[in-house]
Amino acid sequence: MKYLSILNKTQYKAVTTIDRPTMVIAGAGSGKTRVLIYRLIHLIKSGVKSRNILALTFTKKSANEMKYRLSSLIDKNELDQIYIGTFHSIFAKLLRKNSDLIGYKKNYIIYDRYDSEKIIKKIIKNLNLDKKIYRSKYLLDKISMIKNHYFNERNLYITNIYANYKKYCYQNGIMDFDDILLYTNILFNKNPEILKKYQEYFKYILIDEYQDTNYSQYRIIKLLSLKHNNIFVVGDDSQSIYSFRGANINNILNFKKDYKNAVIIRLEQNYRSTKYIVDVSNQIISLNKRKIDKKLWTNNKIGKKIKLYKAFSSFEESDFVANTIDQLKKKKKLKYSDFGVLYRTNAQSRSLEESFIKKKIPYNIYGSISFYKRKEIKDLIAYFRLIVNINDEESLIRIINYPKRGIGEVTLKKIFFLSKQNDKRIFEILKNINNYKSIINRDQKILDNISNFCNKILFFNKRLDEDAFILSKEISESFGLLEEIKKDKIKQGIDNVEEFLNSISTFVEDKKKIKNEEISLNAYLESLYLDLDLDYKFNNLTKESVSLMTIHLSKGLEFPIIFIIGLEEKIFPSILSISSQLEIEEERRLFYVALTRAKEDIFLTFSKNRYKWGKIVPTICSRFVKEIDKKYIKYIKNDLNHKKFDDTSLLGSYTNNLKEGMIVYSNSFGRGKIIKIEGQIITVYFNNIGEKKILNTKLKIIY
DNA sequence: TCAGTATGGCTTTTT
DNA sequence: GCCATACTGA
């Protein structure tokens with residue numbers, strides 16, 4: 001078969017073993033994605049109907065990537081029929097079709113973590129619990145764990161909160177991410193005939209990143225594959241980095257037990273990286289105790305040593321990254337897109353951004369502060385949600401509580417009270433507000449405002465089958481959303497809303513091309529959370545640019561040159577993982593993932609001092625750096641003479657030891673160089689602005 | 001009812 | 001240092 005000629009022997013076996021359960025243990029860079037892609041093609045060429053194939057991925061990014069790569073290799077009609085998507089996306093759609101069987105109304109909406117946290121906070125408040133002891137984030141994690149292992153609800157101390165949360169979600173027609181998987185399980189368990197239907201339908205099941213599946217996902221797959229026993233999973237235990245989300249490494253370890261006649265294929269040849277990179281990665285991962293024995297090897301050239309750079313401050317670290325990229329690009333004729341900068345936490349992207357802007361280097365930040373977390377967008381989404389589902393009180397409150405809508409705290413409190421007293425939904429009360437006139441005791445104008453508001457919502461609620469774009473545009477006009485933003489004079493806000501509406505238009509156009517695809521507002525909301533890779537839609541991503549992202553997001557990607565920044569104790573490994581051996585091992589796997597993204601060159605950086613919550617804190621170099629055998633490392637000399645600074649002078653305050661020639665940062669003027677110091681008054685030269693006299697307390701030292 | 005001010009928590013990681 | 005919330009006085 002000619003199209004398979006690009007595969008090596010083991011890859012070929014992985015692609016063509018299509019008659020029994022198959023697990024591929026695929027080391028980093030061993031051609032895992034290629035195997036998945038060609039297996040799909042092979043299935044179709046072997047006569048399997050594309051609509052009988054289910055391909056599940058872990059992130060939206062890889063789902064979209066897979067679709068993209070397939071689009072040039074197979075016929076578009078075939079592609080559109082394959083079920084490719086994340087677990088959440090695929091099963092949310094399946095659930096929507098069968099929502100009556102799990103007791104949910106069809107119009108339920110999906111809440112993300114931010115939304116869920118708000119509910120938890122509300123519950124803690126209602127139960128009169130101390131929010132310092134009952135931390136919403138922690139509780140949410142616990143609830144998530146329970147839902148994903150729902151056969152044992154045993155953590156008693158949170159069951160009350162859990163019960164309340166469950167009830168709230170149900171009453172408001174809300175599902176969170178975990179519910180999607182949970183209710184899929186419930187649906188299959190309670191309705192054998194439905195399960196049978198889908199077992200029949202999904203004859204071939206492929207799963208990417210199997211090591212990251214949790215119990216809930218494992219159960220779903222197990223149930224679905226029971227009939228045809230034809231399941232194909234790809235994974236790498238060394239790259240398991242989602243145990244905080246309940247990922248269970250045993251799913252990989254038990255595969256042979258779980259599936260009769262299973263074949264296990266190992267891909268150990270790395271095609272991506274140089275020998276140095278493969279060796280360093282092997283050395284690092286070998287320090288973990290819990291792992292499947294395997295060794296990655298490569299025939300690639302030896303390559304170069306890993307570079308290590310010690311910076312003075314986080315700002316200087318970012319400058320180093322930007323400068324190095326700038327120089328390397330010129331010297332070696334590289335493209336900006338050849339560089340990837342990886343970090344442990346999203347917050348670290350900020351100072352990078354500054355340095356890139358200064359150096360005029362184009363960059364893309366992936367998955368940072370999501371577009372739809374911006375205020376205007378959240379407002380708009382709240383309208384959409386309420387119109388789709390008038391029981392969504394969280395959204396209702398967000399909208400109605402908006403300043404200048406003429407309904408204040410007092411009135412709202414009365415309305416909440418009425419809702420509780422009469423056991424009615426808030427929207428019910430608002431709709432019939434005139435019946436409660438005597439209790440609300442407000443002038444008729446406010447009551448009329450409320451009725452008008454309800455009527456508008458209901459007006460749109462009746463038109464939910466219409467085109468999402470037309471409807472959303474009308475909604476934003478009808479409620480004067482753009483005018484509201486204009487009043488606040490936030491230009492950015494208007495742009496955001498317009499961009500957002502444009503994206504709905506694109507969504508509708510795309511869906512119209514595929515028959516039977518939903519174009520309703522509800523379908524858009526679902527896609528917004530589960531399918532759309534917002535990075536591309538909203539961040540104005542350009543192709544020729546440096547990629548900035550968390551290591552978690554980088555999984556599956558590769559770059560010729562990789563920077564891994566912030567290699568400091570308490571950051572990487574994270575302070576929250578430091579106390580447990582198991583979690584340290586997960587952090588180490590994360591480091592392994594980061595290292596194996598690189599094809600040719602790796603730069604590791606850490607900083608002696610780091611800004612944290614506005615203060616400079618001295619740091620300690622990460623243990624992971626120390627674990628690397630010195631023979632692999634090349635230290636990069638730091639041009640700056642750091643001897644004149646000592647760490648203690650910077651602790652706590654950041655202006656004590658200003659000296660002439662220092663590079664400093666001012667909130668109003670940006671970066672500048674100190675020219676003269678006269679007591680408290682500092683003269684600073686700023687690029688494009690010139691000299692300014694500034695109070696020393698207003699300045700931060702960069703280096 | 002609302003603008004202005006004080007406080008406290010926050011930085012894991014993703015669907 | 002920034003954001004969301006809670007509190008305060010007009």
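We name chains A, B, ... by the order of the sequence lines, and we start the count at 1 in each one.
In this structure, A/F87 reaches neither bases nor backbone, as no heavy-atom distance under 4.0 Å exists between it and the strands shown. Within 4.0 Å of A/K125, counting heavy atoms only, lie sugar-phosphate atoms of the nucleic acid but no base atom.
The side chain of A/K137 contributes an N or O atom lying less than 4.0 Å from OP1 or OP2 of B/dT11.
Between A/Q217 atom CD and B/dT14 atom P there is a gap of 16 Å when expressed in whole angstrom units. Whole-Å rounding puts the A/I571 CD1 to B/dC10 P distance at 17 Å. Residue A/I565 contributes atom CD1, which lies 13 Å from atom P of B/dT13 at whole-angstrom precision. Atom CD1 of A/I578 and atom C1' of B/dT12 are 12 Å apart (whole Å). Atom CD1 of A/I397 and atom P of C/dT5 are 12 Å apart (whole Å). Distance CZ (A/F244) to P (B/dT11): 14 Å, rounded to an integer number of Å. As rounded to whole Å, 13 Å separates atom P of B/dT12 from atom NZ of A/K570. As rounded to whole Å, 18 Å separates atom P of B/dT15 from atom CD1 of A/I207.
Closest approach to the A/T550 side chain among B/dT13, B/dT12, C/dC2 is made by B/dT13 (side chain taken as heavy atoms from C-beta onward). Here the nucleotide nearest the side chain of A/N346, chosen from B/dT12, B/dT15, B/dT14, is B/dT14. The side chain of A/K118 lies closest to C/dT5 when the candidates are C/dT5, B/dC10, B/dT15. Minimum atom distance to the side chain of A/R135 is reached by B/dG9, of the listed B/dT15, B/dT13, B/dG9. Counting only heavy atoms from C-beta on, A/A347 has its side chain closest to B/dT11 among B/dT15, B/dT12, B/dT11. Between B/dT14, B/dT12, C/dC2, one nucleotide has an atom nearer to the side chain of A/R245 than all others, and that is B/dT14.
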Worked check of side-chain contact (heavy atoms from CB on, under 4.5 Å) between A/E587 and A/F572: CA-CA 7 Å; A/E587 296 276 319; A/F572 193 15; 3.5 Å; yes
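Geometric assessment of A/R135 against the ring of A/Y138 yields a negative cation-pi assignment under the 6.0 Å and 45° thresholds.
Between the side chain of A/R344 and the base of B/dT13 there is at least one donor-acceptor pair of N/O atoms closer than 3.5 Å.
Taking A/D115 as the reference, A/K378, A/R385 meet the salt bridge (charged side-chain N to carboxylate O under 4.0 Å, His left out) condition, with sequence neighbours excluded.
A heavy-atom distance below 4.5 Å is not found between the side chains of A/V234 and A/E209.
Taking CG from A/D179 and NE2 from A/H88, the interatomic distance works out to 9.5 Å, rounded to the nearest 0.5 Å.
You cannot call A/Y242 stacked on the base of B/dT13; the centres under 5.5 Å and planes under 30° rule is not satisfied.
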